[in-house]
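Report on the following structure.
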Amino acid sequence: MVNYNGIAMAEPVIIDQTEEEPEPVVVIDRTVSDPPDKIAAPMPVHHREHTSMFNRKHFVWAFLAIFIVIGIVLAVVLPRKEPAPEHEARDPPISVDFSTGVSLVTSYAIETTIRSRLARTSITMEVANALDCSSIHAISLQLPLNTRIASLKTIANDGCTSSGDVKELSKARETFMESASNGVPSAYVEAQDSFSHSLQVAIPPLGTSTVELVLEQLLQQRLGEVNFEIPFSPNENVDSVVFDLTVEDTAGKPVDFSFDFNVPGVYEASSEDGNPTNKTSAIHLDIPDARQYDLPQVIRGKYNPGDLPENGLLYTDGKCFEHFFHPASMAPMPRNFLFVLDASEAMNDGSKLESAKTALTSFIDNIIKPEDTFTIQTFDNKGTDQLWGSGQGTVDEKEDAKQFVNTLTASRTGGNLHEAFLEGLLRAKHDAEMSNDNVATILIMLSGGYASRGETNRTKIAEHIYELNEEGTVKIFSIGYQGSADMQLLDAIALMNRGVSAPILQGQDDFAQQIISYLESEVGSILMSDVIVKYSAGPSKTMEVFGETHKLFPVLADGYEVVVRGLIGDSDGDPSLNAITTASTMNGIKTWELSATPNTDDAAKSSLCFQSYAHDRITQLLRYYDASDFLGSDLLKSLVTLSSNDCKEEDFAKCVRREALRLAIEGNVVVKGLTAIVTVDDEQCMKLEEQAEVCLDGTTPDGTPPRESDNDYYGMSADGRYTYSSGASAPSHSWVSLFFLFSAWFFVAVLKI
């Protein structure tokens, strides 16, 4: 029933007739209480439509009012999201390179001393603040690979010095932000990746902060030379630069060196033929107008360290030891090479395949000898796409192989890394079985992408390769294009199979030259294989040797050297240290023995021994930790020996990471994602100003609330202090906005309001 002007009426009945449409028929319900004269005539159709629209509008507006009230109530009374418990807080982001205020690096000095296998660089910079408020100046530093931060200091205007401590990442950040908020000179350094470090300097109002940063790079002999890299200038222009460089041998005497530094008007190290010239004397450069020149961020050099003693060189201070080994009188071993070359669509990017072909052609020309055998296998969506060999290293075979390489092209399909490795291993193992014991069998994988065809489970790929090569017959060397190849998987496979992996880096030498240098240095002329180094302390062997870095080496190439570092426990007896090295050579198994007594007179060298050990050991532990997803706890335990055998974790990888963290803090080592170094203020240096203001975007605060920080973790508090959040986020009401948007759509699109 419908009610119209007080009259109860039956709802209209619409009769559907297809041939013609008659006038609508209305059936009126005559009630007893209604006299005939009060019964109205049937309502016109347009009146009914107008009334229906009128009633619908009233209904919709009422509905909208109810929606608004419900939304407001929910937004107000709904409980706010509680911060996550401390143990669940996510780690802060790595990038912290933000600046505030107006500041300037007014001077920048670099002093580098290279001695034996360590390059020590001290960087001193002065940063000035132009405003009457505390500010932060961020500097990005490009550091060489295998470089660590040894120390950090800040010096205030009055000469008061604060030294740096290595802390866990979140604690270091909180310490720095607190100092910056109080207007105290301080500094903070964090690793952003393998090469880049972010340095932030807090500068007091209208003051300066002087920062001293000491870096150390572990060096290693390759191809008879020791290469070094020196961070020269930051990723910003500075007003003046001073540079000093000294290179010495193990006895502290100057040695000939060359370095590539050519800046017209400043210094030109190259001779007329473009090659770096040799220098023996120290170098000093003073560049007061540094902004006028295009200065490099990193300069490179090299020197000849001279020959090691036949049995090696062993140093110990009674607590730490370093062992260098490279016999000079060894004949090279014959080799079986199996080259596995990626020819999938990943190699179509840029010059990857052409660079690989150039490098492989050069290797065939210059490295393969008549006594060697070699095979070339390419892969795409199949484990073997094209195959050459195996063949001997004769002139005719080498020419035929080079023609084969020159015809290679990349496909338009993904790569079957799993089958490529396994089929390559089967061929390499067959070659090894057909060879004498004095032949080294090597598989070289050059990859440009991830496993995208066949088996793509990375853990299964690593497991299957290890199971097929568990006895270590084939030494696996992997090269991958950084940014596209699965370097984590390649490194895990190398670790599990007594091999070595290396990335092909952007921005370094061209791709082909990097591949050639890697192959020449690692497998160019192999003197021995399956090198094993063991240590004992004293004739009674009562002294414990523990925490060693790598003691097993797949091969030792000419111009390369074995380097092992470790720790020594306390002993009541003979404190001498013994080293025994065993390896397969051209003439069978051979052993070298060496001993050393502790040298406790050189405190600097003793400190250097432990610092070098800490750096090397942490790098080793983190490699295993990164590969733990592929290794599994049982295999990881067989590969890694921790300093203490008290791991109670089911996941052994957690104990590996814990030891790396402990060693990083003890050795003052900054590790990406693990630790950072921050200056900790001496109480005498903390001259705080309670009314000190904090710079914000180049202006002093004027009482207005600061704008919201673009960084989720660093910002400004309501009282103008720098703040840091460890992961708890403010409540979000984005769902309320969605609620209202849906309501508006409903009214407009559905109800046609």
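Here the structure is a predicted model, which means the values were calculated and not measured. Excluded from the calculations below are hydrogen atoms, water molecules and symmetry mates; all remaining heavy atoms, backbone and side chain alike, are included.
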Considering all heavy atoms, the nearest [X]-[Y] contact:
X: I367; Y: G524; answer: CG2-O, 3.4 Å
X: Y560; Y: E522; answer: OH-OE2, 3.9 Å
X: V439; Y: M333; answer: N-CE, 4.3 Å
X: G480; Y: L490; answer: CA-CD1, 4.1 Å
X: L621; Y: V640; answer: CD2-CG1, 4.0 Å
X: F610; Y: C320; answer: N-SG, 3.6 Å

Just checking [X]: does its [atom1] atom have more than 12 heavy atoms from other residues, nucleotides or ligands closer to it than 6.0 angstrom?
X: K429; atom1: NZ; answer: yes
X: K319; atom1: NZ; answer: no
X: H550; atom1: NE2; answer: yes

Counting only N and O atoms by type, is there a donor-acceptor contact under 3.5 Å from the side chain of [X] to the main-chain atoms of [Y]?
X: D530; Y: A583; value: no
X: N311; Y: E593; value: yes
X: K534; Y: A579; value: no
X: S517; Y: Q513; value: yes
X: E111; Y: D244; value: no
X: T147; Y: L143; value: no
X: R617; Y: E548; value: yes
X: T581; Y: V533; value: no
X: R335; Y: V523; value: yes
X: K475; Y: G499; value: no

Inset, instruction - Before accepting this row, confirm whether a basic side-chain N of the pair D491/R623 lies closer than 4.0 Å to the acidic partner's carboxylate O. - result: yes
To the nearest 0.5 Å, tell me how far [X] [atom1] sits from [Y] [atom2].
X: S390; Y: I376; atom1: OG; atom2: CD1; result: 11.0 Å
X: I568; Y: L577; atom1: CD1; atom2: CG; result: 4.5 Å
X: L213; Y: T121; atom1: CG; atom2: OG1; result: 9.5 Å
X: F261; Y: F232; atom1: CZ; atom2: CZ; result: 4.0 Å
X: F228; Y: K302; atom1: CZ; atom2: NZ; result: 10.5 Å
X: I476; Y: N469; atom1: CD1; atom2: CG; result: 5.0 Å

Inset, instruction - Evaluate the side chain to side chain contact (heavy atoms under 4.5 Å, CB included) criterion for residues N587 and N438: first the C-alpha distance (whole Å), next the side-chain angles of each, then the deciding distance (0.1 Å), finally the verdict. - result: CA-CA 7 Å; N587 300 316; N438 64 349; over 6 Å; no
Legend entry - Distance flag, aromatic centroids of Y535 and F321, threshold under 6.0 Å: yes
Would you say [X] and [Y] make side-chain contact, with heavy atoms under 4.5 Å?
X: L141; Y: P231; answer: no
X: I442; Y: I526; answer: yes
X: F324; Y: V562; answer: no
X: T585; Y: L527; answer: no
X: R662; Y: R658; answer: no
X: E248; Y: I114; answer: no
X: P503; Y: Q514; answer: no
X: M445; Y: S501; answer: no

Legend entry - Check: T394/Q392 side-chain N/O donor and acceptor closer than 3.5 Å: no
Inset, instruction - Tell me yes or no: between the side chains of N599 and D317, is some donor less than 3.5 Å from an acceptor? - result: no
Inset, instruction - Dump the intermediate steps for side chain to side chain donor-acceptor pair (under 3.5 Å) on Y315 and H323, then the final yes or no. - result: CA-CA 6 Å; Y315 165 83; H323 181 198; over 6 Å; no
Legend entry - Steps toward side chain to side chain contact (heavy atoms under 4.5 Å, CB included) verdict (T112, R120): CA-CA 6 Å; T112 299; R120 185 179 179 88; over 6 Å; no
Inset, instruction - For side chain to side chain contact (heavy atoms under 4.5 Å, CB included), just list the numbers for Q482 and I504, CA-CA rounded to whole Å, side-chain angles, deciding distance to a tenth of an Å, and then say yes or no. - result: CA-CA 6 Å; Q482 190 179 51; I504 304 170; over 6 Å; no
Inset, instruction - Take the angle between the ring planes of F511 and Y481 and call it parallel below 30°, perpendicular above 60°, tilted in between. - result: perpendicular
Inset, instruction - Look at the aromatic rings of F374 and F339 and report parallel, tilted or perpendicular, splitting at 30° and 60°. - result: perpendicular
Inset, instruction - Check the pair F337 / F363 against ring-ring contact (aromatic ring centres under 6.0 Å, His included), numbers first and verdict last. - result: CA-CA 11 Å; F337 285 113; F363 189 84; 5.3 Å; yes
Inset, instruction - May I have the step-by-step check of salt bridge (Lys or Arg N to Asp or Glu O under 4.0 Å) for D260 and R300, ending in yes or no? - result: CA-CA 6 Å; D260 188 10; R300 297 176 176 86; over 6 Å; no
Inset, instruction - Apply side chain to side chain contact (heavy atoms under 4.5 Å, CB included) to F421 and L443, showing your working. - result: CA-CA 9 Å; F421 260 120; L443 185 151; 4.0 Å; yes
